[in-house]
Each structure stands twice: as C-alpha cells, then as structure tokens.
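Heads up, the thing below is written out as structure tokens.
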Amino acid sequence: MKVKQNSPSPQPLLSKGASVFILAELVALAILTSMLFPQAAPPPMREAVTSSTKASDSNAGHFIKWVDFNVTADAMRQALRLDVDSYGQDVHPNWLELLAYLGARYGGDFSRFRPDHMDDLVKKLQEGATMESLTADMKYYPYYLEAYSAVLGGMVGTYDIQIPDEAAGEPIWVTKYGLKAFSPIAKNYPYQDFDDFGVSRSYGFKRQHLGHDLMGQVGTPVIAVESGYVEAMGWNQYGGWRLGIRSFDQKRYYYYAHLRKNYPYHKTLKEGSYVQAGDVIGYLGRTGYSRTENTNNINEPHLHFGMQLIFDESQKEGNNEIWIDCYELVKFLAMNRSETVKNQETKEYYRVYQMKDPAIPGGAVSQSLH
C-alpha cells in the first residue's frame, strides 16, 4: 500500500535527538529481556556443543571451554531421590537429565530453583512425554547435560557394599542402586566450611581460590569422593602434601591439599594406585605455602578440596583449566560419609564397610583393617 505524501520534500520523521532516545530505549529493553529470559542467551565463556560432540576430540575444538556449576544441594538431593525411587520402573527419570533440563530453563542460575519445577517435569515424563520432546526447543540443553554429567557422572549407579547386621554380628553384603560417592571428610569428624570459591589468595602471586576449604582437626581421615586412580602425589609449594585423583572416565580430577605433616597419605597409595570411593586416602593437615617440603605454613588446619573438569587433555594444565565451585556439591555429599576405624598398632585408618564399585577396571580391592 502506498502512502500519500503531502509535501514534495519530505522531512525526517524523527529528529536526531529523538532517534538516539529510541535507540537507548531499545538497548535497555534488550538488556531487560536477557535478564528475564536468561536461557535464551548463550552460556558465557564457552562454545556450544551438541549431543553428538566428542569432548575428547582435540582436532574438532568443539569441547566445552567453561562451566559455572551452580546446582544447589537441594536440587541434587531431589533429583537423586526421584531417580533412585523410580529405579526398575517403566518410567525411570535420570537425575542428570532432570538437572540439565532445569539448567537450560534457568540459564544455569539455580537460585531460581523450586522443587515443584522438578516434580512437574517428572509428572510429564510419567504421563508419556519424553525428554527428547520436552527439550527439543532448548538450544542449550545438550550443553548442560554434558556439563553436569562431567561433574556428577560417576556418582550414581549400582554397586555392592557392606552394611551392619545386628543378628549376624558382622557386616553383610548387599547390592544397591544410588549414590556411590562420598563426602571428602570421614564420618563422625567435625568440620566447618563456607562458600570460599574465587576469593583472593596472595601467596606466591595474586590469584583466585579455585577450591573449597573444609576446616577440621589435624589427622582427620580424608576420603576418596569417587573411585579413580592416583595421578599426582607429592609436594607442591601452594598445596603442601597433596593428592590428585582422576576419575576412570577421565572427566574429573579431584585435588586434595594441605595434608598432614610427616604422614600425609594412606600407606597403600602410590602414583598409579586405584582407589575406591569411600577409601581413606590421607589425613587433614596444614602443610603448604613453602618451597621446603613438609612445612606447616597454613595457619588453620583444613582440607583444600577441588574438582577440575577435563573435556580435552589440552585443558589439563595451563590457562584453559576448568575448576568448579564445590560448596553445594560438598553439602550434597554430606549425606554419605564413610565410617573409619584406626589400627592401634600402625596408627593407620581404614574404612569400616567395604565396597565393590564396578567402575574399577579389574575389580575393586578392599581397604580392610585386617
């Protein structure tokens, strides 16, 4: 449709000042929209991936570059319960898929988490919907699924474990499906913590704290969170006596630092050793902040616990490392703490209830007192 002009020399519809004003209004509207609907914006500091992407393919370069893990302990507990309670049923929601769905819905911001959001999702699945159909329009669902699977992927499954039996007078073996990861602090040992990820550190050079500190007593048994193998062991001027344990799927590197002076590690460990979730791997201390080995330069005894995510080996060391905030994860793992017992002759600690984790190549070796 043509518009009739009343003047042969039409004037600009808007003055320059009005145009600038409208442009500013449009920019403000765009910012407000991104705040209200964060899932529409791409996740920061990363490349989007698809479900078919191979994270270990260095040549492709499509592996995840950054992860902000903000899933709350409450959300993890609810997702775990819904997964475990439905195990063996026709509709068995996967806890990682539940969390990834909400991650995509919230744009990764779990401060928006409400339990009924997860309940509504499970109800849809029980009514016949599939996760594929429910996430078809969620552009970043594959990213959150891969990211959360990297953090939590080895923590739930089937395993054999001993439980106490009062009638028999000794532990009995049972097969379970559920959480097979443990708190890094042994059962019955007190500790205090707060969310200290990213706070400033100044020893050596100014840097961020890329771990989670758990304040406790010197000698407290430190526990393997997940089954894996010892990749690093020895002295580090920042972490003191420290252990680095890699998960068998290669995605997680667990870092335990500031271990006890003179006797930091369980005597069974060496580089390359397999450890099982729930095993005693060392003892809390305050070593570190020194180039001289076996030096106590940490004022308050604590365990520095960290988790590094590795989607590609190029991220293992250097500027491409991905360390996540473990505060909520440690809160979540507090529901499963490994009980220990001391050998009075050797002064070494051992787990009380043995476990057989099928994730361990060649089978698990018990860490027994006897």
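Sequence positions, counted from 1, serve as the residue numbers for this chain.
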Look at the side chain of E146 and the backbone N and O of Y143, then say whether any donor-acceptor pair between them is shorter than 3.5 Å. no

Scanning both residues in full, the closest heavy-atom pair of R337 with Y189 reads NH2-O, 2.6 Å

Practice prompt. Give a yes or no on whether a salt bridge exists between R252 and E226, defined as a side-chain N under 4.0 angstrom from a carboxylate O.
Written response: yes

What do the steps show when you test H266 against Y350 for ring pair (Phe, Tyr, Trp, His ring centres under 6.0 Å), and what is the final call? CA-CA 9 Å; H266 197 277; Y350 297 82; 5.0 Å; yes

_Within the 3.5 Å criterion, strictly below it, is a donor on Y283 or E348 matched to an acceptor on the partner's side chain?_
yes

Would S227 and Y274 count as a side-chain contact (heavy atoms from CB on, under 4.5 Å) here? Give the steps. CA-CA 8 Å; S227 300; Y274 286 176; over 6 Å; no

*asked:* Within the 4.5 Å heavy-atom criterion, are F305 and D213 side-chain neighbours or not?
replied: no

If we count only N and O atoms by modelled type, under 3.5 Å, do the side chains of D312 and S314 hold a donor and an acceptor together? yes

- Item | Side-chain heavy atoms of L125 within contact of L98, under 4.5 Å | yes

Measure the shortest side-chain to side-chain distance between Y101 and T135 over non-hydrogen atoms and say whether it is less than 4.5 angstrom. yes

Salt-bridge present (R114, D116; N to O < 4.0 Å): yes

Review point. Which word best sums up how the rings of F110 and Y106 line up, parallel for under 30°, tilted for 30 to 60°, or perpendicular for over 60°?
Key: perpendicular

* Asked: Are K331 and E328 close enough for a salt bridge, meaning some N to O gap below 4.0 Å?
  -> yes

Is there a side-chain contact between V280 and V222 in this structure, where contact means two heavy atoms from C-beta onward sitting under 4.5 Å apart? no

Check your understanding: Is it the case that R105 places NZ or CZ above or below the six-membered ring of Y144, under 6.0 angstrom from the centre and within 45 degrees of the axis?
Key -> no

Exercise. Under 3.5 Å, is there a donor-acceptor pair between the side chain of S133 and the main chain of A129?
Worked result: no

If you count heavy atoms of other groups shown closer than 6.0 angstrom to CG of D120, is the number above 12? yes

From the list N296, N294, T287, side chain to side chain donor-acceptor pair (under 3.5 Å) with N262 holds only for N294

Residues N336 and A181: closest non-hydrogen pair is ND2-O, 2.8 Å

query: Do W241 and H258 have side-chain heavy atoms sitting under 4.5 Å apart?
result: no

> Would one find more than 12 heavy atoms of other residues, nucleotides or ligands at under 6.0 Å from atom NZ of K123?
Replying inline: no

| Salt-bridge criterion met for K251 and E313 (N-O under 4.0 Å) | no

Problem set entry | Mutual orientation of the aromatic rings belonging to Y177 and H92 [parallel < 30°, tilted 30-60°, perpendicular > 60°] | perpendicular

Inset, instruction - Could you tell me whether the side chains of H212 and D325 share a donor-acceptor contact shorter than 3.5 Å? - result: no

N320 and Q315 have their tightest heavy-atom pair at O-CB, 3.6 Å

* Any side-chain donor-acceptor pair under 3.5 Å between S111 and D109? -> yes

Do the side chains of F113 and N70 get nearer than 4.5 Å, heavy atoms only? no

Between A104 and M138 the two heavy atoms that sit nearest each other are CB-SD, 3.8 Å

(Q) Under 3.5 Å, is there a donor on one side chain and an acceptor on the other for W95 and E97? (A) no

| Can you find a pair of side-chain heavy atoms, one from K356 and one from I161, that are under 4.5 Å apart? | no

